[in-house]
2 protein chains.
Amino acid sequence: MTDDGSNDKPGAPKVPNVPVAPNVTLEAIARAAGVSPSTVSRILNGSARVLPAKQQAVEEAIARFNYRPNVLARSLASGRTETIGVLTQAVSSPFYAEWLRGIEEALYEPGFTPIFVSSRWNVAEEKARLEQFIARRVDGIILLHAQLDEPTLTDYSRHAPMLVLGRSVQNSATLAGLPIDNMQGARDATRHLIEQGHREIAFIAGPASHEDAIERLEGYRAALEEAGIGFDADLVEQGDYLETGGAAAMERLMARHPSFSAVFCANDQTAYGARLAMFRRGVRVPDDVSLVGFDDLPTSSYMTPPLTTVRQPTYEIGRLAAQGIVQMIRKQSIALSPIPLTLVTRETTRRITPPVKRGDTRT
Amino acid sequence: MTDDGSNDKPGAPKVPNVPVAPNVTLEAIARAAGVSPSTVSRILNGSARVLPAKQQAVEEAIARFNYRPNVLARSLASGRTETIGVLTQAVSSPFYAEWLRGIEEALYEPGFTPIFVSSRWNVAEEKARLEQFIARRVDGIILLHAQLDEPTLTDYSRHAPMLVLGRSVQNSATLAGLPIDNMQGARDATRHLIEQGHREIAFIAGPASHEDAIERLEGYRAALEEAGIGFDADLVEQGDYLETGGAAAMERLMARHPSFSAVFCANDQTAYGARLAMFRRGVRVPDDVSLVGFDDLPTSSYMTPPLTTVRQPTYEIGRLAAQGIVQMIRKQSIALSPIPLTLVTRETTRRITPPVKRGDTRT
DNA sequence: TTGTATGCGTTATCAT
DNA sequence: ATGATAACGCATACAA
């Protein structure tokens, strides 16, 4: 294993011989310092007072051998892994990025390490990944948009406390949900359009299998109805939360029903696609058509023009989730209130009725 | 631990009682199936033939108890963790997203699990994370843009084989680099601009501390010089690889030296910022100024207009890296050739000289 | 083919 | 305060 012997590769330069000893054990440290393994363990964990002299000797030995405790052995013995399983639908989605960052940063201080995996929008894989977490004996689990049904989640939560983001569940000591108010966000966005004078407002929906996509559709519908405009199914096109779907939906919309003055997209990626489709057709935003997205991805403020959208405070949500799961692990009770979303008015929407009274038209 | 006893919370509905047994051990399975622990182990790992009868009995017991082997114990005993440490500079950067996806997917088949962490562009943290990997006894390590010096890397590679993406190192059995040809990519991009008739080509650089940022600057310079145009330091502004830096640099550029006809940005994010700055000033792209980025982020093809940029096949690089590290773990030799980059010509660049001869001007 | 015994590197429970 | 000693849950060399 530890042969640092003859390099048979001719011409391979001698690498500088740096002192990081492989596989030093706690026992070796104990021997070197002339104490018992337990003492070393105690010093490592600060779990008891030790004579300064021995403390010194041990610390010196640790430094000299560059000793690193074996996390596996430690976890096996202690029953704690200091590890949080984080399940996303897709690690690479720009939408999850900020969540992950929030989680990672907030987990750093209390000393937990996140393990990120993705289920690739696949329920079977979601289940497999959860079982992997359990097999790894994670101390807690954070789910981003779980698709599994609640009984199953409750079931898994018996192994480790679980926090589900973007979903409301029957809260217990080991299972909690942090709902996000998609309905309200979508309603606010639509209201904004209505206030700007828009009446024919198209909607490009997300996948019908997503709870939040449905909620956003409902928010759109609710705002329409409360304004007395009424919902027109003809103005709704199906997207898939991706740019390609947004572009395709927009094409269909323009072909079928070209009279709308505004489009509300179920998420920003969809809006990107829609924007491109309009650009191709020479439709100007916002001069000809107003455009609103949902999520406020980092790049949305750099679109041309910058996209008006509904902001999810994902980084903050991530932090909240991390703090929450740690509290659950420590068996402290937590109170999670639904996350409100806020409309960020940028430059893809425009008023199409004459401004009311002596309107001071600041956007 | 396993008290599923009285809920003291009044009104809490009885959750469906689902059968996932906590902490079943291999030994319990052995007992239930009437065989020895080793037999169970053998069946689990397929490490030896067993009588079909016993095989059946064991499998049935496993199913009945919903048994999941404890990964920690298994790893501690076997010395293998089936785990790959993946160090990024920032999990949330759109730039790393596709790499992670490639790595994750390619690691899936051989049965390895990636552990993603980020060092947040901090060398000290990079080191800390690496030591964490070692403490976790990962079987291999993939580094995305390591900042640590080569001797240190070589040192760490004694614990687990390491693969460094975007960098060339002295290859050995345990340390390998997969360089990316930034210089070539930048030169191609600049050449493209030159071929389009541009002479005054500005450059917004990346952070000087980044090797690849320097290479890109060199590529830009090389193309200029080989075309006899010559490098003009006055046309170079400092960016930071982020949108904000790109916007600020563009502002300075326009104020200081407004005569350029094209801008080449060290990465796409910088280009996004530059694009916005021009939009604000009413400078049209590509009519007034041509714009080229670097990286080809997923959203770049949805910019308005879609961004001409240098494409890094990140997903494929991720897959390559994953396959490579597995081979190194299996002590197979690998050959990594530098990754070539390709220019993706989209719509932010435009020819500013009359087309040569009967030019058929397809973009 | 199968079972027994030992080890993996810690933590934790005892005494002392 | 410190040191033996027994878990932790599994793999594996060895014996049968």
Side-chain angles (χ1 to χ4, degrees), chain A residues 1-2 21-59 61-62 65-83 111 134-139 159, chain B residues 1-2 21-59 61-62 65-83 132 134-139 159:
Chain A
M1 282 293 181
T2 57
N23 294 347
V24 194
T25 71
L26 178 148
E27 198 182 324
I29 300 297
R31 255 199 315 272
V35 299
S36 78
S38 340
T39 301
V40 178
S41 174
R42 278 189 264 266
I43 292 176
L44 250 36
N45 302 299
S47 47
R49 280 249 140 275
V50 178
L51 280 190
K54 308 204 172 191
Q55 171 107 17
Q56 274 250 333
V58 170
E59 279 171 354
I62 289 179
F65 288 98
N66 206 313
Y67 164 69
R68 304 277 154 206
N70 183 324
V71 171
L72 294 126
R74 183 193 292 240
S75 300
L76 182 59
S78 70
R80 285 167 279 112
T81 58
E82 315 278 76
T83 272
I134 293 170
R136 289 204 117 77
R137 299 298 190 267
V138 298
D139 290 342
H159 295 84
Chain B
M1 283 294 179
T2 58
N23 295 347
V24 193
T25 71
L26 179 148
E27 198 182 325
I29 299 298
R31 256 200 314 274
V35 298
S36 79
S38 27
T39 300
V40 178
S41 174
R42 280 189 263 265
I43 292 176
L44 250 36
N45 302 303
S47 46
R49 280 249 139 276
V50 290
L51 282 189
K54 307 202 171 191
Q55 171 108 16
Q56 274 249 333
V58 169
E59 280 172 353
I62 290 180
F65 287 95
N66 207 314
Y67 165 70
R68 306 275 152 208
N70 183 324
V71 172
L72 295 129
R74 185 198 291 246
S75 299
L76 182 58
S78 69
R80 285 166 279 113
T81 58
E82 315 278 73
T83 272
Q132 226 174 73
I134 293 170
R136 288 204 119 74
R137 300 297 191 267
V138 297
D139 290 341
H159 294 85

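Values reported hereafter were calculated over all heavy atoms of this structure, with side chains retained and with hydrogens, waters and symmetry mates removed. The structure presented is a predicted model; accordingly, all values stated were derived computationally and were not measured.
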K.L.:
Checking A/Ser75 side chain against A/Val71 main chain: does a donor-acceptor pair fall under 3.5 Å?
P.N.:
yes
K.L.:
Establish, from distance only, whether the side-chain atoms of B/Ser41 and B/Ser38 form a donor-acceptor pair under 3.5 Å.
P.N.:
no
K.L.:
A/Asn66 versus A/Val24: any side-chain heavy-atom pair under 4.5 Å?
P.N.:
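The answer is no, as the side chains (C-beta and beyond) never meet within the 4.5 Å cut-off.
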K.L.:
Hey, does A/Leu26 have a side-chain heavy atom less than 4.5 Å from the side chain of A/Leu44?
P.N.:
yes
K.L.:
Please list, in 5' to 3' order, the outermost nucleotides of DNA chain D lying under 4.0 Å from any heavy atom of chain B.
P.N.:
D/dG9 to D/dT12
K.L.:
Suppose we screen for side chain to side chain contact (heavy atoms under 4.5 Å, CB included). Which residues come up paired with B/Ser78, at least two apart in sequence or across chains?
P.N.:
B/Arg80
K.L.:
Only distances under 3.5 Å count here; give the side-chain donor-acceptor pairs of residues 46-59 of chain B to other protein atoms, sequence neighbours excluded, each with its distance to 0.1 Å.
P.N.:
from: B/Gln55; atom 1: NE2; to: B/Glu59; atom 2: OE2; distance (Å): 2.9

K.L.:
Enumerate, in order of first residue number, the stems that involve DNA chain C, defined as 3 or more consecutive Watson-Crick or G-U wobble pairs with both distances under 3.5 Å.
P.N.:
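For DNA chain C the paired stretches long enough to count as stems (3 pairs minimum) are C:1-16 with D:1-16.
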K.L.:
So if I apply the side chain to side chain donor-acceptor pair (under 3.5 Å) rule between A/Arg136 and each of B/Asn70, B/Thr81, B/Thr83, which one comes out positive?
P.N.:
B/Thr83
K.L.:
Using a 4.0 Å cut-off on protein heavy atoms (strictly under), produce a 5'-to-3' string for nucleotides 3-16 of chain C with B for base contact, S for backbone-only sugar-phosphate contact, and - for none.
P.N.:
BB--BBBBSB----
K.L.:
If every non-hydrogen atom of B/Ala30 is compared with every non-hydrogen atom of B/Pro37, which pair is closest and at what distance?
P.N.:
CB-N, 3.6 Å
K.L.:
For a 4.5 angstrom cut-off between non-hydrogen side-chain atoms, does A/Arg137 reach B/Asn23?
P.N.:
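Sidechains of B/Asn23 and A/Arg137: in contact.
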K.L.:
Under the salt bridge (Lys or Arg N to Asp or Glu O under 4.0 Å) definition, can you give me all pairs with a residue in residues 68-78 of chain B, not counting sequence neighbours?
P.N.:
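Those involving residues 68-78 of chain B are A/Glu131-B/Arg68.
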